[in-house]
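First comes the structure, then the notes that go with it.
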There are 2 protein chains.
Amino acid sequence: MGELETEARRPGRRPGPTETREAILRAARGLFAEKGYDRASVRAIARTAGVDPALVHHFYGTKEGLFIAAMEVPLNPPEMLPKILLGPREELGKRLVRTFFEIWDDPKSRLQLIAIIRSAFTSEQGAAMLREFVRSALLGRISVALDLPKLRVTAAAGQLIGVAVLRYVLEIEPVHSADVGDLVDLLAPTIQRYLTEEP
Amino acid sequence: MGELETEARRPGRRPGPTETREAILRAARGLFAEKGYDRASVRAIARTAGVDPALVHHFYGTKEGLFIAAMEVPLNPPEMLPKILLGPREELGKRLVRTFFEIWDDPKSRLQLIAIIRSAFTSEQGAAMLREFVRSALLGRISVALDLPKLRVTAAAGQLIGVAVLRYVLEIEPVHSADVGDLVDLLAPTIQRYLTEEP
């Protein structure tokens with residue numbers, strides 16, 4: 001239906017790039033929600049939006065880039081992770097913890113992240129959508145880059161996610177108002193241990 | 001309204017203990033949801049249920065006991081924590097991690113916990129309801145028993161909660177299917193460090 005809708009609004013004109021992008025993002029949101037990240041193909045999303053799959057790749061690069069744009073994920077693992085992972089190994093824990101809380105402490109990012117997590121808690125579709133993205137774009141990428149078992153990377157991710165739930169969702173004191181510096185001091189040694197010690 | 005409803009069903013008879021308990025739990029659920037754990041008083045819950053506050057204490061002990069019964073929290077911190085906290089200090093991390101995943105691995109407990117967490121994610125009331133309970137019944141209790149800053153206890157709790165989100169809500173592999181023994185080996189040293197080392 002996407003192609004008709006887009007064309008119909010301005011008869012006799014080709015849809016502009018903004019309209020085309022919006023149609024692609026709308027189709028992506030629908031299919032990611034319906035099928036989950038893994039089973040929603042770029043081909044099917046392009047078909048729903050009434051465009052050529054090459055155009056989707058032209059606008060958004062990979063399926064991962066499309067997901068990040070469609071879900072308004074306020075972080076871009078392919079861009080951010082290399083900077084964090086490739087710095088001095090002995091400060092890896094500090095860099096990860098600091099970056100994590102800087103993203104969460106930004107009010108706009110925080111709302112987007114809470115909306116994404118909420119949808120994972122409230123629908124099997126939301127969980128499916130997030131599951132493969134977290135598994136491949138975040139955990140898998142870190143696991144490959146550092147040559148570590150995925151279970152260790154999951155333990156590190158769990159540490160940060162759990163503290164974020166207590167700080168930003170439940171807003172429990174004293175962690176709700178704690179300085180990022182104190183959180184880095186407290187949590188970085190744990191992340192460092194998971195990501196650098198022998199399994 | 002609770003008192004009328006209970007009496008009205010069987011005119012001329014006093015409500016039986018089961019009906020009274022049900023009226024108290026219903027009133028408690030309503031007031032915990034409306035006001036949060038902290039601001040919902042036993043007195044107000046008793047009034048809503050049309051019973052004497054002494055009867056609420058007789059049935060459920062403290063407000064904490066009433067919350068556990070009303071919200072069907074599948075764990076009872078006042079009963080469980082002393083056993084975990086008072087054993088040999090060098091195995092504290094192992095005992096906590098093992099008990100945590102035993103509760104979550106039980107299908108009935110898991111559904112109840114996910115329902116409680118979901119309500120915290122989807123409504124400010126749900127968050128308020130859980131906030132003070134987690135703060136006082138869990139974190140506060142552990143912090144006092146071990147004479148530790150609350151922030152360290154929160155870091156330990158966050159580690160377990162985050163891995164539970166990845167294992168039971170997002171169901172991300174390999175942590176979704178990991179043996180509890182492997183999770184204990186992986187996470188217990190972290191919990192042990194937070195709860196036994198100097199701040």
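Proteins come first, then strands; the chains are lettered A, B, ... in the order of their sequence lines, and each starts at number 1.
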Please tell me if the side chains of B/Leu25 and B/Leu66 come closer than 4.5 Å, counting only heavy atoms from C-beta onward.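 Touching, per the 4.5 Å side-chain cut-off.
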Angle between ring planes, B/Phe32 versus B/Tyr37, binned at 30° and 60°: parallel, tilted or perpendicular?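 It falls in the parallel class, under 30°.
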Heavy-atom contact with chain B under 4.5 Å, split by part of [X]:
X	result
A/Ala128	neither
A/Val175	both
A/Leu187	both
A/Ala155	both

Looking at B/Phe59, is B/Arg21 sitting on its ring face, NZ or CZ under 6.0 Å from the six-membered ring centre and within 45 degrees of the normal?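 Here B/Arg21 passes the 6.0 Å and 45° test against B/Phe59.
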Under a 4.5 Å heavy-atom cut-off, does chain A meet the side chain of [X], its backbone, both or neither?
X	value
B/Leu139	side chain
B/Ala164	neither
B/Leu151	both
B/Ala178	side chain
B/Glu171	both

Partner chain B: residue of A/Lys150, A/Arg135, A/Arg131 with the largest heavy-atom pair count (under 4.5 Å):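 Most heavy-atom pairs within the cutoff with chain B belong to A/Arg131.
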Count the heavy-atom pairs under 4.5 Å between each of A/Ile161, A/Leu183, A/Leu170 and chain B, then report the option with the highest count.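 Greatest number of close heavy-atom pairs with chain B: A/Leu170.
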With a 4.5 Å cut-off on heavy-atom pairs, point out which of B/Pro174, B/Ala127, B/Ala120 contacts chain A the most.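 The residue among B/Pro174, B/Ala127, B/Ala120 with the greatest pair count is B/Pro174.
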Quick check on the interface: out of B/Val134, B/Ile114, B/Thr154, B/Leu186, who has the most heavy-atom pairs with chain A under 4.5 Å?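 It is B/Leu186.
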Donor-acceptor pair between B/Thr190 and A/Arg193 side chains, under 3.5 angstrom: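 The answer is yes; a qualifying pair exists.
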May I have the step-by-step check of salt bridge (Lys or Arg N to Asp or Glu O under 4.0 Å) for B/Arg29 and B/Glu22, ending in yes or no? CA-CA 11 Å; B/Arg29 284 185 204 108; B/Glu22 198 35 64; 3.7 Å; yes
Does the side chain to side chain contact (heavy atoms under 4.5 Å, CB included) test come out yes or no for B/Glu64 and B/Asn76, once each step is laid out? CA-CA 9 Å; B/Glu64 191 179 349; B/Asn76 191 326; 5.8 Å; no
Taking the basic N atoms (NZ, or NE/NH1/NH2) and the acidic carboxylate oxygens, is any pair closer than 4.0 Å for A/Lys108 and A/Glu72?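 A salt bridge is absent here (no side-chain N lies under 4.0 Å from a carboxylate O).
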Is it true that B/Asp105 and B/Arg167 have a side-chain N and a carboxylate O under 4.0 angstrom from each other?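 Yes, this pair counts.
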Hydrophobic clusters here meaning ILVMFWY residues chained together by side-chain heavy-atom distances under 4.5 Å, can you tell me if A/Met71 and A/Met80 are in one?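 Yes, it is one cluster - the side chains of A/Met71 and A/Met80 are joined through contacts under 4.5 Å.
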